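Below is one structure, written out as structure tokens, with a few remarks after it.
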Amino acid sequence: MFYPRALAQIYLMAGAVWIFGESELALRVPSALIGSIMPLLAHYLGRRFLSTRFNLVFVAIIAVLPALIEYSQTARMYIFWLAALIVFGSCVFRWERKNSIASLVVALFVWLVALHFHALSILAAPLFLFPGLIRRSWSNLFQGAVAIGVCTVAYKVNGGWIGAHYPDSSERPAREMTDMLSAGTSA
């Protein structure tokens, strides 16, 4: 069966297997590498709101947080998704600083990368409103709203594309449905 979620991560795992051979270590290498750069990414995100001392504490927390260590050791897409969200936040804050359309487009592209890794990225899309709200700029607010509209369309298209690769219950073979029904009645 074709697995349509987080294809970039799957290809990175395949590349690691090609380089290191088929092993559990090879499958975990891409996640471990991304997890290793998370503190650096956190530094760039944290400097928007935190003084140097508190940003250092934030980076240290990201470096030793048990959940992030676990995600870094797992051959799954979650550490890639979190890294993309951190880069997305940094890009939005760059757009706020530079106030350029190019920075907004970069932030939108990074958000699309995060969406590629997980559909819950839609919950981060309202961050596009931050520059307009903080600057009290109708122009930035409008640009952020347009970006959220693009995010919403991309979210729907992505969900439809992923859903198209999975059969609905009406397409399942009759035997599978019979097995599911008999398992439910015997319980």
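What you see is a predicted model; the values in this text were computed from it and never measured. FYI, side chains are in, hydrogens and waters are out, and symmetry mates aren't considered; it's all heavy atoms of this structure.
Residue Asn140 comes nearest to Gly132 through the heavy atom pair CB-CA, 3.5 Å, listed as atom of the first residue, atom of the second, then distance. The two atoms that bring Ser72 and Ile79 nearest to each other are OG-CD1, 3.7 Å, heavy atoms only. Scanning all heavy atoms of the two residues, the minimum distance from Asn55 to Gly46 falls at OD1-CA, 3.3 Å. Contact between Ala26 and Pro30 at its shortest, heavy atoms only, is O-CD, 3.5 Å. Between Met13 and Leu27 the shortest heavy-atom distance is CG-O, 3.5 Å. The two atoms that bring His116 and Ala8 nearest to each other are NE2-N, 2.9 Å, heavy atoms only.
Residues Leu7 and Val17 are members of separate hydrophobic clusters, defined by side-chain heavy-atom contacts under 4.5 angstrom among Ile, Leu, Val, Met, Phe, Trp and Tyr. Hydrophobic clustering places Tyr155 together with Phe117 (ILVMFWY residues linked when any side-chain heavy atoms are closer than 4.5 Å, directly or through intermediates). Linking Ile, Leu, Val, Met, Phe, Trp and Tyr residues whenever their side-chain heavy atoms come within less than 4.5 Å places Trp111 and Ile162 in a single cluster. Note: the hydrophobic cluster containing Phe58 also contains Met38 (ILVMFWY, side chain heavy atoms under 4.5 Å, direct or indirect links). Grouping the Ile, Leu, Val, Met, Phe, Trp and Tyr side chains by contacts below 4.5 angstrom, directly or via other members, places Tyr44 apart from Leu33.
Between the CD1 atom in Ile134 and the CG atom in Leu129 there is a gap of 12.0 Å [rounded to 0.5 Å]. Between the OG atom in Ser100 and the CD atom in Gln143 there is a gap of 9.5 Å [rounded to 0.5 Å]. Distance CZ/Arg135 to CZ/Arg97: 10.5 Å, rounded to 0.5 Å. Interatomic distance, His43 NE2 to Thr52 OG1, rounded to the nearest 0.5 Å: 8.5 Å. Atom-to-atom distance recorded for Arg76:CZ and Glu70:CD is 12.0 Å, nearest 0.5 angstrom. Within the model, atoms CZ of Phe109 and CZ of Phe88 stand 13.5 Å from one another, a figure rounded to the nearest 0.5 Å.
Heavy atoms from other residues, nucleotides or ligands lying under 6.0 Å from CZ of Phe130 number more than 12. With a 6.0 Å radius and a threshold of 12 heavy atoms from other residues, nucleotides or ligands, Trp138 has its CH2 atom at or below the threshold.
Residues Leu12 and Phe80 meet the side-chain proximity criterion, which asks for heavy atoms closer than 4.5 Å. Taking 4.5 Å as the limit, some side-chain heavy atom of Leu108 sits within range of a side-chain heavy atom of Cys151. The closest side-chain heavy-atom distance from Phe128 to Val146 is not below 4.5 Å. Between Ile34 and Gln9, the closest side-chain pair of non-hydrogen atoms is not below 4.5 Å. Counting heavy atoms from C-beta outward, Phe20 and Val29 have side chains that approach closer than 4.5 Å.
The backbone N or O of Ile86 sits less than 3.5 Å from a side-chain atom of Ser90, completing a donor-acceptor pair. Ser31 contributes a side-chain N or O that, together with a main-chain N or O of Thr74, makes up a donor-acceptor pair within less than 3.5 Å.
Ring geometry, Tyr78 versus Tyr71: the interplanar angle falls from 30° to 60°, so the pair is classed tilted.
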List the atom pairs, with distances to 0.1 Å, where a side-chain N or O of residues 120-127 and a protein N or O form a donor-acceptor pair under 3.5 Å, not counting sequence neighbours.
{"residue": "Ser121", "atom": "OG", "partner": "Trp81", "partner atom": "NE1", "Å": "2.8"}
{"residue": "Ser121", "atom": "OG", "partner": "Ala114", "partner atom": "O", "Å": "2.9"}
{"residue": "Ser121", "atom": "OG", "partner": "Leu115", "partner atom": "N", "Å": "3.4"}
{"residue": "Ser121", "atom": "OG", "partner": "His118", "partner atom": "O", "Å": "2.9"}

